[in-house]
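Notes follow once the structure below has been shown.
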Amino acid sequence: MSYLYLYLGIGLLVGIGFSVRGARAYAKAPPITEVAAQALDPDWQPPKRRWLPLILVSSLIWPMLLLLILVDRPLKPAAPMPEFAVTSQHLQEALSVVEMEARERVFDPLGAVPDVPFGHLNTAWQDFLVQCEEGAEFRRFAADWDSGWRRERREGYVEIVQGQPGRFFMTVCKTLPEE
Amino acid sequence: MTAQIGDLLFYQGERLTMCDAPLGTYFRLGGAYPEFEPSSTALIRGYVATWELLDGRLYLIAIQGWLSDGTDASLESVFRGYPERVFAHWYSGRVRVPRGKLLKYVHAGYASVYERDLLLDFERGVLVASTEKHNGVSDNPNAPEGYGVGALTVFPRPGTQQEADD
């Protein structure tokens with residue numbers, strides 16, 4: 001009998017604890033459905049909460065409530081997705097602007113591309129060059145990149161600043177087949 | 001994400017559906033993006049592009065969709081001065097073209113499985129390989145033939161609500 005009293009006693013404390021926690025959470029942030037109902041009809045009133053039955057029920061099923069807290073613990077926030085950057089391992093040969101532009105001339109027999117370096121991406125290329133330092137050194141790069149949910153092959157050209165790869169212009173970005 | 005409507009491809013006299021969007025790569029590489037407006041949950045990218053494979057080269061020949069200002073999108077919305085045909089030189093990678101009967105419907109992205117997949121590999125807009133993958137044979141005589149989307153929610157065209165209010 002004493003175990004039953006102990007069980008119910010702990011349950012009562014847990015029940016009160018849960019009810020107070022719930023009331024605080026409700027006061028801080030009412031459910032969105034209630035906020036919406038209030039916005040649609042200013043006369044609308046939320047249903048009255050009956051605390052006594054809540055405490056009594058909680059007193060009986062408190063082990064399950066404690067288990068729920070454990071299960072419902074906020075998960076560790078996921079690490080932010082790494083952003084792609086060209087590293088020294090990705091670097092290929094050095095090229096001048098003239099050489100890069102000569103390599104990226106696009107020809108189409110139907111004339112469906114402008115006769116300028118990088119074709120339809122010429123404006124993006126010009127924008128990239130404007131941001132680079134005058135007389136900057138450029139290298140070609142090629143990298144296999146895991147974007148988190150798929151692997152990609154990325155190629156292009158990168159500006160070298162103080163010996164380190166910096167801004168880059170991508171010319172190829174393709175999904176690699178799954179292994 | 002709801003199953004997505006695919007781009008169209010004219011290939012060897014057939015009108016097919018592509019389960020990849022090569023125009024998305026153009027935007028990722030820095031191509032000007034005119035801000036498309038999604039017209040439904042099944043068209044989150046906001047446009048349907050029509051492609052043609054001609055002499056082993058991939059051409060974009062039409063864009064249908066809405067822009068965020070409510071106007072119709074066209075090829076010239078992205079490629080000014082090229083109203084009829086654009087060579088997709090920026091695209092390298094694989095394009096999946098499902099064919100045959102539906103084996104398994106998945107209401108997400110392009111995940112549904114069909115009897116066969118035509119796999120077209122491109123290097124800078126030029127077709128370098130073409131293979132067909134067999135996924136099985138449907139034993140359901142009523143299974144739909146060709147790519148399709150099961151359900152979607154349509155969004156209003158931008159500006160139409162304001163016009164209606166006026």
Side-chain angles (χ1 to χ4, degrees), chain A residues 81 83-86 100-132 140-145 147-159 167-179, chain B residues 1 19-34 49 51-63 75-96 108-111 117 119-126 128-129 131 133:
Chain A
M81 287 295 292
E83 206 170 304
F84 176 74
V86 179
M100 288 186 287
E101 293 191 337
R103 281 173 60 104
E104 299 293 343
R105 221 68 209 202
V106 187
F107 168 75
D108 179 60
L110 300 182
V113 61
D115 185 20
V116 289
F118 299 91
H120 289 289
L121 289 166
N122 180 264
T123 306
W125 169 249
Q126 296 298 338
D127 292 346
F128 168 74
L129 279 186
V130 164
Q131 291 172 43
C132 294
R140 193 170 71 81
F141 76 87
D144 288 346
W145 170 250
S147 64
W149 58 290
R150 65 180 179 193
R151 287 178 60 247
E152 290 175 342
R153 177 72 171 174
R154 294 183 171 198
E155 295 176 14
Y157 302 97
V158 61
E159 180 191 20
R167 284 193 192 88
F168 61 89
F169 183 78
M170 216 158 44
T171 56
V172 171
C173 178
K174 68 174 178 182
T175 305
L176 293 171
E178 287 172 22
E179 284 167 358
Chain B
M1 184 167 68
C19 285
D20 288 281
L23 191 53
T25 304
Y26 176 75
F27 300 133
R28 292 184 75 191
L29 295 179
Y33 177 74
W51 304 84
E52 184 181 30
L53 195 47
L54 198 64
D55 295 331
R57 296 167 79 90
L58 185 64
Y59 292 98
L60 175 61
I61 56 171
I63 296 175
L75 260 188
E76 288 225 76
S77 311
V78 185
F79 302 97
R80 198 156 294 167
Y82 290 82
E84 288 172 3
R85 180 179 297 274
V86 169
F87 173 46
H89 64 85
W90 64 84
Y91 190 70
S92 296
R94 177 166 281 182
V95 167
R96 181 171 75 92
Y110 299 114
D117 281 327
L119 303 172
L120 305 169
D121 290 318
F122 293 93
E123 283 297 333
R124 297 187 180 236
V126 176
V128 292
T131 50
K133 183 181 161 206

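Naming convention: chains lettered A, B, ... in sequence-line order (proteins, then strands); numbering from 1 in each chain.
Side-chain contact between B:E123 and A:V172: absent, with no pair of heavy atoms (C-beta onward) separated by less than 4.5 Å.
Residue B:L29 comes nearest to A:F169 through the heavy atom pair O-CE1, 4.2 Å, listed as atom of the first residue, atom of the second, then distance. Here the closest non-hydrogen pair linking A:A112 and B:Y59 is CB-CE2, 3.9 Å. When every heavy atom of B:F87 is checked against every heavy atom of A:F107, the shortest pair comes out as CE2-O, 4.1 Å.
With a 4.5 Å cut-off on non-hydrogen atoms, A:R154 touches chain B through its side chain but not through its backbone. The contact between B:S92 and chain A is made by backbone and side chain atoms together, counting heavy-atom distances below 4.5 Å. B:L54 touches chain A through its side chain: at least one heavy atom from C-beta onward sits under 4.5 Å away, while N, CA, C and O do not. Looking at A:V106, the atoms closer than 4.5 Å to chain B (heavy atoms on both sides) all sit in the side chain, from C-beta outward. For chain B, the nearby parts of A:T171 are the backbone and the side chain; heavy atoms of each come within less than 4.5 Å.
Remark: B:E84 CD is loosely packed, at most 12 non-hydrogen atoms of other residues, nucleotides or ligands lying under 6.0 Å away. Environment of CG in B:D55: sparse, with no more than 12 heavy atoms of neighbouring residues, nucleotides or ligands closer than 6.0 Å.
Contact tally against chain B (heavy-atom pairs below 4.5 Å) for A:G119, A:G111, A:G156, A:P114: the top residue is A:P114. Contact count versus chain A (heavy atoms, under 4.5 Å) is highest, among B:R57, B:R85, B:R94, for B:R57.
Distance check: A:E104 CD to B:R124 CZ gives 4.5 Å after rounding to the nearest 0.5 Å.
Of residues 120-129 of chain A, those residues with a non-hydrogen atom less than 4.5 Å from any non-hydrogen atom of chain B are, in numerical order, A:H120, A:L121, A:A124.
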